[in-house]
Q: 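Have a look at this one before I ask anything.
Both ligands and their constituent atoms are indexed starting at 1 by order of listing.
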Amino acid sequence: MKILVTGGAGFIGSHLCERLLNEGNEVIALDNYFTGQKSNVHHLMDNKNFELIRHDVTMPFFIEVDQIYNLACPASPIHYQYNGIKTVKTSVMGAINMLGLAKRIGATILQASTSEVYGDPTVHPQVESYWGNVNPIGIRSCYDEGKRVAETLFFNYYWQNQVDIKVVRIFNTYGPKMHPYDGRVVSNFIMQALEGKDITIYGDGNQTRSFQYVDDLLEGLIKMMNGPKEFTGPVNMGNPNEFTIKELAQKVLELTASQSKLIFKELPSDDPMQRKPDITLAKTNLNWEPKIQLNEGLKKTIHYFDELIKGGKLDAYTHHR
Ligand code: NAD
Ligand code: UDP
């Protein structure tokens, strides 16, 4: 199959491109390199079935493909808050452009939505039928509301134009190729531990997240894309094992044998207090559930960041602050 991956030079996108190529597909990756790196897909450049194109999804793009994975969007708070207007444009105009393309060429299109559509949830664990608790003018709203409108667009193209859509609500995902300076908790804690810096816990560290290793997500995304046509989602994909941020810090310290100290900083506003996916829908409809648990995934991620540091490769990454 011929497959378009927007955000293909990013963390999840670059893993997805590699996996789709390994499965024998032709893959075109689009990226504007805001948070993605050419180095993430450098090893794929010699593959005759791979093409990398610099393009911003807020502008229309024309191509003939069978499937589109729409992943283009900064995903970490530091990055999506860097230019909130652009974040909304990327989610909304990006969705319009890619849905328009899917409609014209009859492609199936999958949207990388997010657990952030639930905001600071009052229902726990989060089920897909929960509408969420989002502050429309908070510091996270450019991302949350952008992704919510993108879901609205996906379903309207489905109802009005019969576009084959797939909407996946991705919960916190981590692994090698995360941006070392994207400010997300897993990359921050590992970098801090490896560099002997203080581990920055925001708030009291009792807020929870459920961490999914990237390979489990890839399996789910591909199953969803190729699953029954009538199963559009939205469907949660995440690892239901829930940890407090303090527990995560302890685990990272143990696994890196680091002497770093824990320090407590102010909790950013609208930071969700708890997050854990109910994955019954994905289990039932796709026979999917995550297999890689936190210790194993963290070890692989720590190894990646360790190599990045030892290889002197950090200068290649931009600090967007
Ligand atoms: P990432 O920042 O590594 O990847 C996003 C990619 O999109 C980057 O390569 C970036 O350069 C590109 N991009 C951003 N704006 C663009 C634009 N206007 N035009 C073209 N390319 C653009 O983040 P990620 O973690 O790989 O996230 C990928 C997708 O998954 C995002 O849509 C994100 O919202 C979603 N998601 C991720 C997580 C997670 O925990 N990693 C959770 C929920 C949802
Ligand atoms: N967090 C933290 N220290 C950090 C980075 C993040 O304590 O150095 C906290 C953050 O406040 C949030 C959780 O970890 O409660 C997850 O943050 P992240 O940005 O990774 O993801 P999100 O909040 O979008 O789930």
Side-chain angles (χ1 to χ4, degrees), residues 5-16 29-38 40-41 52-59 61 69-83 86-87 89-91 93-95 97-98 110-117 120 140 143-144 146-147 150 168-175 177-179 182-192 197-212 214 217 221 236-238 243-246 248-249 252 262-275 318 320:
V5 178
T6 76
F11 158 49
I12 298 171
S14 59
H15 284 283
L16 182 62
L30 284 195
D31 211 293
N32 71 348
Y33 310 124
F34 173 49
T35 55
Q37 319 291 318
K38 281 185 203 157
N40 284 343
V41 287
L52 175 64
I53 300 173
R54 178 192 284 265
H55 182 81
D56 194 308
V57 290
T58 59
M59 307 299 283
F61 184 74
Y69 288 87
N70 188 36
L71 270 59
C73 186
S76 78
I78 285 181
H79 284 150
Y80 67 64
Q81 287 162 20
Y82 175 76
N83 182 345
K86 180 67 196 246
T87 300
K89 284 187 182 172
T90 294
S91 270
M93 293 163 71
N97 287 327
M98 290 305 137
L110 181 147
Q111 168 68 353
S113 190
T114 167
S115 51
E116 280 288 312
V117 300
D120 190 2
R140 298 173 84 100
Y143 183 70
D144 300 9
K147 289 283 188 179
V168 180
R169 292 183 179 154
I170 303 170
F171 282 64
N172 296 65
T173 304
Y174 70 98
K177 294 188 183 171
M178 288 182 90
H179 191 299
D182 74 2
R184 280 187 270 197
V185 69
V186 173
S187 43
N188 260 14
F189 285 3
I190 294 178
M191 287 293 293
Q192 289 162 345
K197 296 182 180 154
D198 293 341
I199 307 278
T200 53
I201 294 185
Y202 302 159
D204 59 11
N206 289 324
Q207 70 270 39
T208 68
R209 294 294 186 272
S210 305
F211 299 101
Q212 158 172 250
V214 62
L217 173 66
L221 292 179
N236 290 338
M237 280 185 190
F243 296 88
T244 66
I245 293 305
K246 227 165 27 193
L248 176 72
V252 170
L262 303 186
I263 59 161
F264 293 84
K265 294 192 145 188
E266 200 182 333
L267 186 70
S269 63
D270 297 332
D271 199 291
M273 271 317 291
Q274 50 182 6
R275 188 181 285 153
T318 318
H320 293 286

Q: Can you pull out the closest protein heavy atom to atom 18 (P) of ligand 2? Residue, atom name and distance to 0.1 Å, please.
A: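 Result for atom 18 (P) of ligand 2: Val185 N, 3.8 Å.
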Q: Report yes or no: does Tyr143 have a heavy atom closer than 4.0 Å to ligand 1?
A: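 Within the 4.0 Å threshold, so yes.
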Q: Of all the non-hydrogen atoms in the protein, which one sits nearest to atom 21 (O) of ligand 2, and at what distance?
A: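 It is Asn172 ND2, 3.4 Å.
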Q: For Tyr174, enumerate each residue passing the ring pair (Phe, Tyr, Trp, His ring centres under 6.0 Å) test, keeping only those at least two apart in sequence or located in another chain.
A: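 Expected list: Tyr213.
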Q: For atom 15 (O) of ligand 2, which protein heavy atom lies nearest, and how many Å away is it?
A: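 Nearest neighbour among protein heavy atoms for atom 15 (O) of ligand 2, to 0.1 Å: Asp271 OD1, 2.6 Å.
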Q: Side chain or backbone of Lys147 under 4.0 Å from ligand 1, or both, or neither, by non-hydrogen atoms?
A: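 For Lys147, only side-chain atoms sit under 4.0 Å from ligand 1.
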Q: Given Pro74, Ala112, Ser115, which has its nearest heavy atom closest to atom 30 (O) of ligand 1?
A: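 Considering heavy atoms of Pro74, Ala112, Ser115, the nearest to atom 30 (O) of ligand 1 sits in Ala112.
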Q: Backbone or side chain, does any N or O of Tyr80 fall under 3.5 Å from an N or O of ligand 2?
A: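 Checking ligand 2 against Tyr80, no N or O pair falls under 3.5 Å apart.
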Q: Which is closest to atom 12 (C) of ligand 1 by heavy-atom distance: Leu30, Asp31, Val41?
A: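 It is Asp31 that holds the nearest heavy atom.
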Q: Would you call Lys86-Asp56 a salt bridge at under 4.0 Å N-O?
A: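 Salt bridge: yes.
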Q: Tell me which one of Lys246, Arg140, Glu116, Arg184 gets a heavy atom nearest to atom 23 (O) of ligand 2.
A: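 Result: the heavy atom closest to atom 23 (O) of ligand 2 is in Arg140.
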Q: I want to confirm something. Looking only at heavy atoms, which of Asn40, Asn70, Asp56 is nearest to atom 18 (N) of ligand 1?
A: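 The option holding the nearest heavy atom is Asp56.
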Q: Tell me whether the count of non-hydrogen atoms from other residues, nucleotides or ligands lying under 6.0 Å of NZ in Lys246 goes above 12.
A: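 Yes.
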Q: For atom 28 (C) of ligand 1, find the nearest protein heavy atom and state the residue, atom name and distance (0.1 Å precision).
A: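 The closest one turns out to be Leu71 O, 3.6 Å.
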Q: Pick whichever of His55, Gln37, Arg54, Lys38 has a heavy atom sitting closest to atom 20 (C) of ligand 1.
A: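 Among His55, Gln37, Arg54, Lys38, the closest heavy atom to atom 20 (C) of ligand 1 comes from His55.
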Q: Could you identify the single nearest non-hydrogen protein atom to atom 5 (C) of ligand 1 and state the distance to 0.1 Å?
A: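 Going by distance alone, atom 5 (C) of ligand 1 is nearest to Cys73 O, 3.3 Å.
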Q: Is the shortest distance from a heavy atom of Pro77 to ligand 2 less than 4.0 Å?
A: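 The answer is yes, since Pro77 has a heavy atom less than 4.0 Å from ligand 2.
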Q: Could you check whether any heavy atom of Gly94 sits closer than 4.0 Å to an atom of ligand 1, since that is the contact criterion I want to use?
A: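 So Gly94 does not count as touching ligand 1.
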Q: Could you tell me if any non-hydrogen atom of Ser113 lies under 4.0 Å from any atom of ligand 1?
A: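 It does; at least one heavy atom falls under 4.0 Å.
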Q: Return the closest protein heavy atom for atom 39 (C) of ligand 1 as residue, atom name and distance.
A: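 Nearest neighbour among protein heavy atoms for atom 39 (C) of ligand 1, to 0.1 Å: Arg184 NH1, 3.2 Å.
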